[in-house]
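For reference, the structure is listed below as structure tokens.
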Amino acid sequence: MPPHHGPHDGPDEFTPWPEALARTYREAGYWQGEPFGAWLSGLARRYADRPALLTPDGPVTYRELDRRATVQAAALAARGLRPGDRVTLHLPNTPAFFELLLGLLRLGVRPILALPAHREHELGYFCAHAGAAALVTAADPERLALAARVQAGLDRPLPVIALGENPGTWEGEAVSFLPSAATAPTPDFTPPRMNAGGVALYQLSGGSTGTPKLIGRTHDDYLYSIRASADLCELGADTVYLAALPLAHNFPLTSPGTLGALHAGGRVMVAPDAAPGTAFPLIAAHGVTHTALVPALLQVWLRALEGSPHTPFPSLRCVQVGGAPLSPDVARQVRPRLGAALQQVFGMAEGLVNYVRPGAPDEEALGTQGRPISPHDEVRIVDDHDQPVPDGTSGHLLTRGPYTIRGYFRAPDHNARAFTPDGFYRTGDLVTRTPGGALVVTGRHKDQINRAGEKIAAEEIEHALLRCPLVQAAAVVGTPDPWLGERSVAFVQVAFVEATPGAPDLALTLKRHLRDLGLAAFKIPDRIEPLPALPRTPLGKTDKPALRALAAQPVAPSTPPTHRSRP
Ligand code: OOB
């Protein structure tokens, strides 16, 4: 009998693994048939009164975290949410993220894990595309105003559930305020029975197309990646994990991230942002042992330590770096300057995560992006015709395995391109394999910009630019930047505007246009350049290589960012 995934799961909503592979993953013990709610109850039994979260109000024990998740599951059920519903979850980096996330998972309601930087363009799309039953957010004035804009942009009523008290700025009716679980009594609530093979939550694809894709991760596959990551990164009860990146992102959430640290019985500390001024005092005060950064933030941290005579954090054992290419020069500075081991992580929200194993020789630790988590991760490196390339040659990375999706949510046409007929995901990354079996990311074959680890789908910005009546054609490319990895440059062909003299005004106008559409700030192009016409290939497609060459021509020198938090 095919596994049941949930009340709303048709073939476009969830692409199951073929039964033979599913059996293999179950027999190998990867998929344990345990949903997140039961996993959390298990942690509460195992680690009971040990601290799970270190918060400004004091520690929250495992037992108490489990109780708070139940409080919120009951409160969300009382507000009409039902197992199988989808909601968009949009929260800042605060410890309360966990009571809501785990409450939703316990209730079988599937959160779409939006990033804090997402605005009405993205949130509205997630709610519309997924038929969300609610937008779950925090009760601060800015988020409530954003929620109102999302509601206004939809053609059906969207309930908003906001964690916290009404700040007094909200006058409408369509918001239900959810008290913090800390002081709420324990409800009489029996969680629904759940199928661990069903979708637990939706991660978001960095993507390369006009609309972001939703990635349904099952209880079974996601928990496997968390347990296996925690084990191979050697997390334990003495781990103190600092989450400085946005909590909802796959890297700080599960690789091994906060959930991996909880799985191991460790403690989790949430930084509201990743600025050195915020994160450094937390590391020192709480004896942080592990944290995760993108390369751009690592550079900000290293700069902040410049001139400091000794490594400042005796407790820090491991700094994980991933999400974007890390230069070996920067990699080399981690041990002497931060006094911690560097662990490179090359992962993706779709599944596959590679880690440099603890204790690996320098050559591998500094110069590779590690190897897959699982012996059952299948990796193919192929040429443009899907034929395997010899080891040491760069090729397209394709992968399938026990925690890599087989299809995006409601995207049949895209799925036909993004997956091979035998179910390998086309990652869009170019890699080589070293003789030792580690992967090295050599480039990218997807129309995406990786700006400080934040992924920008070129087509999404091009479509948004084309909605401005001035713009006749638009193309967005990335250009190398020593601090951000890449910056985004938009080339536009415009009507009625002199190509060069009006350039600064045009750039401002178009940036305002994009902001008015409600795009996340990291997606606003760093530069906007008018061109009389976009260069075309002989087939009439925009010639992006030519535009990349044009974008790379020298302009004003780049300055190091002081700090801009990731979403
Ligand atoms: C992580 O996940 P996403 O979904 O935001 O982005 C995935 C893409 C990869 O396909 C690759 O293009 C790039 O980000 N990437 C890297 C990298 N790690 C990710 N490129 C070069 N070097 C690396 N180390 O970014 C993510 C998810 C889980 C763990 C870590 C990162």
Tyr30 and Tyr224 aromatic ring geometry - parallel, tilted or perpendicular at 30°/60° bounds: parallel
Sub-4.5 Å side-chain heavy-atom contact between Val321 and Val294: no
Check: Leu397 and Leu352 side chains under 4.5 Å, non-hydrogen atoms: yes
Least distance between heavy atoms, Asn250 atom then Ala349 atom: ND2-CA, 3.9 Å
Salt bridge (charged side-chain N to carboxylate O under 4.0 Å, His left out) partners for Glu99, two or more places apart: none
Tyr425 and Phe419 aromatic ring geometry - parallel, tilted or perpendicular at 30°/60° bounds: tilted
Aromatic centroids of Tyr241 and His290 separated by under 6.0 Å: no
Side chain proximity check, Leu100 to Leu178, heavy atoms < 4.5 angstrom: yes
Polar side chain donor-acceptor pair, Trp39 to His219, under 3.5 angstrom: no
Close side-chain approach of Val319 to Leu342, heavy-atom, < 4.5 Å: no
Glu460 and Lys213: CA distance, side-chain angles, deciding distance, salt bridge (charged side-chain N to carboxylate O under 4.0 Å, His left out) verdict: CA-CA 12 Å; Glu460 183 179 27; Lys213 299 288 175 284; over 6 Å; no
Side-chain heavy-atom pair Leu104, Leu76 within 4.5 angstrom cut-off: yes
Pairs where residues 32-58 contributes a residue and the test salt bridge (Lys or Arg N to Asp or Glu O under 4.0 Å) is met, not counting sequence neighbours: Asp49-Arg63
Aromatic ring pairing Tyr408/His414, orientation class (parallel under 30°, perpendicular over 60°, tilted between): tilted
No-hydrogen, no-angle side-chain donor-acceptor test under 3.5 Å, Tyr403 and Asp377: yes
